[in-house]
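In what follows, chains carry the letters A, B, and so on, assigned in the order in which the sequence lines appear, proteins first and then strands, with residues in each chain numbered from 1. Computation of the quantities below employed the complete heavy-atom set of this structure, encompassing side-chain atoms and omitting hydrogens, waters and symmetry-equivalent molecules.
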There are 2 protein chains.
Amino acid sequence: MTNLSRKARYALKALYALTADEARGPVLIADLAERENIPRKFLEAILLELKNAGILKSKKGKGGGYALARSADQITMGQIIRVIDGPLAPIPCASERVFVRCEECTDETICGTRQVMKKVRDAIAAILDSTTLADVQTQIARSRFSTTATVTYSI
Amino acid sequence: MTNLSRKARYALKALYALTADEARGPVLIADLAERENIPRKFLEAILLELKNAGILKSKKGKGGGYALARSADQITMGQIIRVIDGPLAPIPCASERVFVRCEECTDETICGTRQVMKKVRDAIAAILDSTTLADVQTQIARSRFSTTATVTYSI
DNA sequence: TAGTAACTCTACCAGTTTTATAGACTAATG
DNA sequence: CATTAGTCTATAAAACTGGTAGAGTTACTA
């Protein structure tokens with residue numbers, strides 16, 4: 001059931017970097033791609049999606065680049081992952097926001113799988129919607145403090 | 001992030017039916033396939049996997065078929081889903097049982113995504129490993145009681 | 001106000017995974 | 001020992017994922 005796409009992992013990695021660079025103003029796609037080891041064109045598409053979703057903002061022209069649209073404590077993991085990978089529910093008919101009836105389900109009111117997966121969805125959402133980029137940032141810093149320090153962000 | 005495969009949904013559907021038929025002895029693949037609307041050959045492969053994992057047992061020859069290998073309260077959703085769809089963790093490096101280092105992760109001890117996804121994994125596992133086929137069976141019965149009754153199992 | 005740095009968009013492609021099918025083979029039961 | 005029913009191998013269409021190419025557009029700033 002392994003499920004977070006590489007695309008989403010790239011997105012998160014990029015956002016961690018942008019969070020750290022929040023103060024320093026817009027970051028260039030090319031720089032971000034190189035520093036974080038993400039295929040440039042692929043990253044381009046990812047950042048664009050995040051921008052269209054209101055998570056990032058961009059500035060064109062000289063001195064431009066990408067930056068967080070809101071402060072890091074206003075952006076949750078749930079928001080990010082939903083943008084890139086879609087609903088959190090393990091099964092479309094268990095999604096709160098984007099309910100989709102599933103073909104092989106005769107009657108979803110009595111579907112056992114659905115009832116269990118609704119619980120799973122709620123558990124996942126509870127965690128991801130309450131964890132912000134700022135929280136993750138703090139956790140990273142804390143881990144780095146207690147182990148030997150590297151300066152790169154891992155995904 | 002929608003993630004439970006159709007194969008797993010078929011597996012669960014078939015297992016619900018086998019749970020209900022527990023008393024009546026082995027069920028034929030062909031019957032199961034028709035009743036539950038699952039492609040016959042595909043179901044065959046699924047049942048075989050479940051058998052190899054010790055969840056089902058089969059009997060060949062006349063009067064043969066498939067049946068649960070253990071009683072329904074000894075089979076958890078977690079066991080079933082792991083057999084068909086692999087680890088529950090949304091990311092390989094967050095898996096407890098089948099840890100796989102992820103390529104783009106420089107240092108997993110300080111990886112923010114990993115730390116969050118470990119929490120998610122634990123939450124998912126807590127639910128799926130404590131829910132048995134018998135539990136689901138009960139829930140289905142309860143739902144059927146409180147709504148208008150249909151006799152089919154939905155997935 | 002022109003040049004250029006940088007973002008935006010469309011289209012495409014290759015590889016993998018998922019879902020599904022066909023048929024030959026093997027084993028056990030009555 | 002025939003029949004019934006499960007097992008195995010191979011194959012293939014379809015969908016998805018990850019990645020690439022290049023033309024086009026926008027907005028800074030000198």
Side-chain donor/acceptor of [X] to backbone N/O of [Y], under 3.5 Å:
| X | Y | answer |
| --- | --- | --- |
| B/T138 | B/A134 | yes |
| A/R97 | A/P87 | no |
| B/S130 | B/I127 | yes |
| B/R70 | B/Q74 | yes |

Are OP1 or OP2 of C/dA6 and a side-chain N or O of A/S58 less than 4.0 angstrom apart?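 No, outside the criterion.
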
Please list each protein N or O that sits under 3.5 Å from an N or O in nucleotides 28-30 of chain D, with the distance.
from   : atom 1 : to    : atom 2 : distance (Å)
D/dC28 : O3'    : A/K62 : O      : 3.4

What are the two closest non-hydrogen atoms of B/E96 and B/K118, and how far apart are they?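 Answer, listing the atom of B/E96 first, then B/K118: OE2-NZ, 3.3 Å.
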
Grab the [atom1]-[atom2] distance between [X] and [N] for me, whole Å please.
| X | N | atom1 | atom2 | result |
| --- | --- | --- | --- | --- |
| B/L47 | C/dT19 | CG | C1' | 16 Å |
| B/E34 | D/dA5 | CD | P | 14 Å |
| B/E49 | C/dT18 | CD | C1' | 12 Å |
| B/I46 | D/dC8 | CD1 | C1' | 16 Å |
| B/L28 | C/dT29 | CG | P | 14 Å |
| A/I29 | C/dA5 | CD1 | C1' | 12 Å |
| A/L32 | C/dA6 | CG | C1' | 14 Å |
| B/D85 | C/dT18 | CG | P | 8 Å |

Do A/S5 and A/Y10 meet the criterion of a side-chain donor-acceptor pair at a distance under 3.5 Å?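 No donor-acceptor contact under 3.5 Å links the two side chains.
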
If you measure only the distance, is there a donor-acceptor pair under 3.5 Å linking the side chains of B/T132 and B/D135?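 There is such a pair between these side chains.
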
Heavy-atom count around A/K7 NZ within 6.0 Å, excluding the residue itself: above 12?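 Result for NZ/A/K7: enclosed.
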
Student check: side-chain heavy atoms of B/K41 and B/E44 closer than 4.5 Å: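 In short, these two side chains touch, coming nearer than 4.5 Å.
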
Set out, in order, the CA-CA distance, both residues' side-chain angles and the distance that settles salt bridge (charged side-chain N to carboxylate O under 4.0 Å, His left out) for B/D122 and B/K119, then state yes or no. CA-CA 5 Å; B/D122 289 344; B/K119 283 198 213 162; over 6 Å; no

Grab the N/O contacts between the protein and nucleotides 10-12 of chain D below 3.5 Å, and write none if there aren't any.
none

N/O contacts under 3.5 Å, protein versus nucleotides 16-21 of chain D?
from   : atom 1 : to    : atom 2 : distance (Å)
D/dG18 : OP1    : A/R6  : N      : 3.1
D/dG19 : OP2    : A/Y10 : OH     : 3.3

Can you spot which of A/L28, A/L32, A/L50, A/L48 makes a side chain to side chain contact (heavy atoms under 4.5 Å, CB included) with A/Y66?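 Going through the options one by one, the only one that passes is A/L48.
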
